[in-house]
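What's counted below: heavy atoms across the whole structure, side chains too, no hydrogens, waters or symmetry copies.
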Amino acid sequence: MPADTPFRPLETTLDEAEALAILRQATDGAEDGELFLERRRSEVLVFDDGRVKTASYDAAQGFGLRAVKGEVAGYGHSTEMSIAAIRRAAETARLAVGDGGGVMADAPRGTNEKLYTHADPMADAEFGVKIDTLGEIDAFARALDPRVVQVSASLAASHQEVEILRPDGLRVADTRPMVRLTISVIVEENARRESGSAGGGGRYGLSGLIERSHWEGVAREALRIAVVNLSAEPAPAGVMDVALGPGWPGILLHEAVGHGLEGDFNRKKQSAFAGLMGQRVASPGVTVLDDGTIPDRRGSITVDDEGTPSSATTLIEDGILVGYMQDRQSARLMGVEPTGNGRRESFAHAPMTRMTNTYMLAGDAEPGDIVADVKDGIYAVGFGGGQVDITNGKFVFSCTEAYRVKNGVVGTPIKGATLIGDGATAMQQIRAVGRDMALDPGMGNCGKNGQWVPVGVGQPTLLIGGLTVGGSAA
């Protein structure tokens with residue numbers, strides 16, 4: 001099927017009636033299931049150290065067929081879009097149903113809402129224009145500061161088209177654009193090198209990202225972070241108060257708390273938050289949502305990969321645990337409604353409960369007052385990688401931009417700082433919530449059980465008391 005032809009496999013490639021009959025046979029006596037069909041195209045261009053380093057294009061299509069009964073799911077998939085392949089996949093998926101006896105769950109409700117409308121971001125600019133833009137970014141960043149010794153700029157775009165067929169005959173389709181620009185800069189002074197990165201994107205067109213008025217600001221921000229790190233001193237170590245900046249630092253919330261509030265972990269009693277519904281799990285004033293309905297955001301989805309419309313789900317309200325994110329299987333087994341959080345990396349993966357855009361609502365404190373209340377601690381505004389243990393909520397996060405704070409005064413930048421703690425305790429130690437809630441610029445990816453999906457995070461400025469800071473300062 002040509003790339004410029006709309007993805008309608010049940011009309012152009014497959015016989016819908018025959019595919020539906022096979023699906024119904026595979027899910028006879030099951031409690032849920034679907035045929036998920038997908039076509040995806042993606043492009044990544046990387047300009048590194050003054051030349052094109054990577055120019056890759058990928059196209060793939062295929063289907064996955066699932067049958068679910070109780071805790072068991074059978075799944076078969078193939079890149080071959082044919083009735084014969086669907087029949088073979090159905091034989092595999094059918095193994096999960098056994099002797100049957102299940103009652104098919106109700107179909108997802110319909111929706112006419114579209115959270116992203118851009119047709120195909122990969123068609124926004126010619127290949128040469130994209131390469132020229134990356135070259136201009138490289139030249140601009142080098143001209144900003146004589147200390148710049150290396151620049152890397154990348155553009156990524158993808159166009160995903162999905163169609164979902166359910167045993168009841170319901171068909172749900174979605175077309176999902178995605179773009180991202182990332183700029184990294186390395187600076188050198190007195191034989192010391194430091195780096196800084198900036199960027200972002202979302203579910204919209206590529207044209208806005210390659211406008212000079214946009215990428216100049218991204219390049220300046222990457223340089224600013226690199227220059228800050230040039231003067232950074234080794235981070236202190238110990239238990240201290242930590243102020244977190246707004247926006248991207250919400251990645252700590254995502255990892256330390258968000259995963260623990262996914263329905264599958266809770267139904268299996270694998271989460272530190274299992275069995276705590278209705279109880280206080282955070283300080284008063286802390287409200288956390290997972291919201292996939294924000295237009296054009298990286299983590300947003302019009303419908304999830306089971307066909308359920310996306311929603312805004314309140315997880316913690318004024319410190320009280322009030323909800324979990326749910327896919328259809330976990331929702332059914334826990335006796336609640338799906339929340340539109342059933343996501344998968346591709347047709348080759350079965351869906352599971354995943355986050356969309358997870359963030360904390362604003363409070364009423366002035367951000368400046370929050371930092372001024374730090375007597376001896378750090379102010380962290382940028383984060384890199386992190387790890388979390390879902391069963392106990394323990395986390396370790398590395399800071400990419402942070403500052404020493406003494407007596408309320410933001411001082412020297414520090415490097416090598418890590419934040420160590422557990423989500424449940426950290427949420428109870430939030431002392432102040434700022435009024436400056438912000439979402440991240442659109443750069444998050446989330447991994448779970450080997451699958452990766454795009455997500456968003458956000459939060460206001462926060463003050464957390466008594467976090468362990470790992471550092472190398474004597």
Exceeds 12 heavy-atom contacts within 6.0 angstrom, atom [atom1] of [X]:
X: E337; atom1: CD; result: no
X: Q279; atom1: CD; result: yes
X: K375; atom1: NZ; result: yes

Is it the case that [X] and [Y] place a side-chain donor and acceptor less than 3.5 Å from each other?
X: S42; Y: S158; result: no
X: R298; Y: N357; result: no
X: T111; Y: R109; result: no

Is it true that a side-chain atom of [X] and a backbone atom of [Y] form a donor plus acceptor pair closer than 3.5 Å?
X: T356; Y: G292; result: yes
X: W248; Y: G458; result: no
X: N190; Y: R192; result: no
X: Y116; Y: T302; result: yes
X: S300; Y: I294; result: yes
X: S231; Y: V228; result: yes
X: D318; Y: P284; result: no
X: D389; Y: G393; result: no
X: T133; Y: V129; result: yes
X: N229; Y: A232; result: no

Would you call [X] and [Y] a salt bridge, using N to O less than 4.0 angstrom?
X: D327; Y: R332; result: no
X: D241; Y: R431; result: yes
X: R328; Y: D32; result: yes
X: D440; Y: R297; result: yes
X: R147; Y: E188; result: no
X: R40; Y: E38; result: yes

With a distance cut-off below 6.0 Å to the six-membered ring centre and an angular limit of 45° from the axis, does R344 pair with F36 as a cation-pi contact?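 Satisfied, under 6.0 Å and within 45°.
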
Between [Y] and [X], is there a side-chain heavy-atom distance shorter than 4.5 Å?
X: I164; Y: E306; result: no
X: V303; Y: T308; result: no
X: L463; Y: V374; result: yes
X: V453; Y: M355; result: no
X: N266; Y: F273; result: yes
X: V455; Y: R343; result: yes
X: V286; Y: V433; result: yes
X: C399; Y: F383; result: yes

Test salt bridge (Lys or Arg N to Asp or Glu O under 4.0 Å) on D49 and R142 and set out the steps. CA-CA 10 Å; D49 204 20; R142 291 177 186 277; 3.5 Å; yes

Applying side chain to side chain contact (heavy atoms under 4.5 Å, CB included), name anything that partners [X], two or more places apart in sequence or on another chain.
X: E71; value: R267, K268, L333
X: A348; value: H77, S346
X: V409; value: none

Contacts of E262 that satisfy salt bridge (charged side-chain N to carboxylate O under 4.0 Å, His left out) - sequence neighbours left out: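 Listed in chain order: K448.
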
Chi angles and distances behind the side chain to side chain contact (heavy atoms under 4.5 Å, CB included) call for H214, L181: CA-CA 10 Å; H214 172 78; L181 168 69; 4.0 Å; yes

Evaluation steps, side chain to side chain contact (heavy atoms under 4.5 Å, CB included), between L209 and W215: CA-CA 7 Å; L209 292 186; W215 59 252; over 6 Å; no

Out of curiosity, [X] [atom1] to [Y] [atom2], how far, rounded to the nearest 0.5 Å?
X: M277; Y: I320; atom1: CE; atom2: CD1; result: 11.5 Å
X: K415; Y: L230; atom1: NZ; atom2: CG; result: 9.0 Å
X: D138; Y: Q150; atom1: CG; atom2: CD; result: 9.5 Å
X: S154; Y: K130; atom1: OG; atom2: NZ; result: 13.0 Å

Restricting to pairs with a member in residues 303-354, which pass ring-ring contact (aromatic ring centres under 6.0 Å, His included), not counting sequence neighbours?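 Residue pairs passing ring-ring contact (aromatic ring centres under 6.0 Å, His included), neighbours aside: none found.
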
Tell me the closest heavy-atom pair linking [X] and [Y], and the distance in Å.
X: V46; Y: S152; answer: CG1-OG, 4.1 Å
X: S283; Y: Q428; answer: OG-O, 2.9 Å
X: P367; Y: R435; answer: CD-CG, 4.2 Å
X: G307; Y: P108; answer: O-CB, 3.5 Å
X: V185; Y: A141; answer: CG2-CB, 4.4 Å
X: L467; Y: I420; answer: CD2-O, 4.0 Å

Passing candidate, side chain to side chain contact (heavy atoms under 4.5 Å, CB included) with L244, options T461, L253, L419, I430: L419

Per side chain to side chain contact (heavy atoms under 4.5 Å, CB included), R41 is matched among Q61, H159, Q160 by H159

Step by step, would you call N341 with D290 a side-chain hydrogen bond (donor to acceptor under 3.5 Å, both in side chains)? CA-CA 9 Å; N341 289 91; D290 183 85; 2.9 Å; yes

Go through the steps for I316 and M427 under the test side chain to side chain contact (heavy atoms under 4.5 Å, CB included), then give the verdict. CA-CA 10 Å; I316 299 172; M427 294 294 283; 3.9 Å; yes

What pairs of residues pass the side-chain hydrogen bond (donor to acceptor under 3.5 Å, both in side chains) test when at least one of them lies in residues 396-405, not counting sequence neighbours? R224-E401, D376-R404, E401-Y403

Verify side chain to side chain contact (heavy atoms under 4.5 Å, CB included) between V227 and D145, making sure each step is shown before the conclusion. CA-CA 10 Å; V227 171; D145 193 305; 4.3 Å; yes

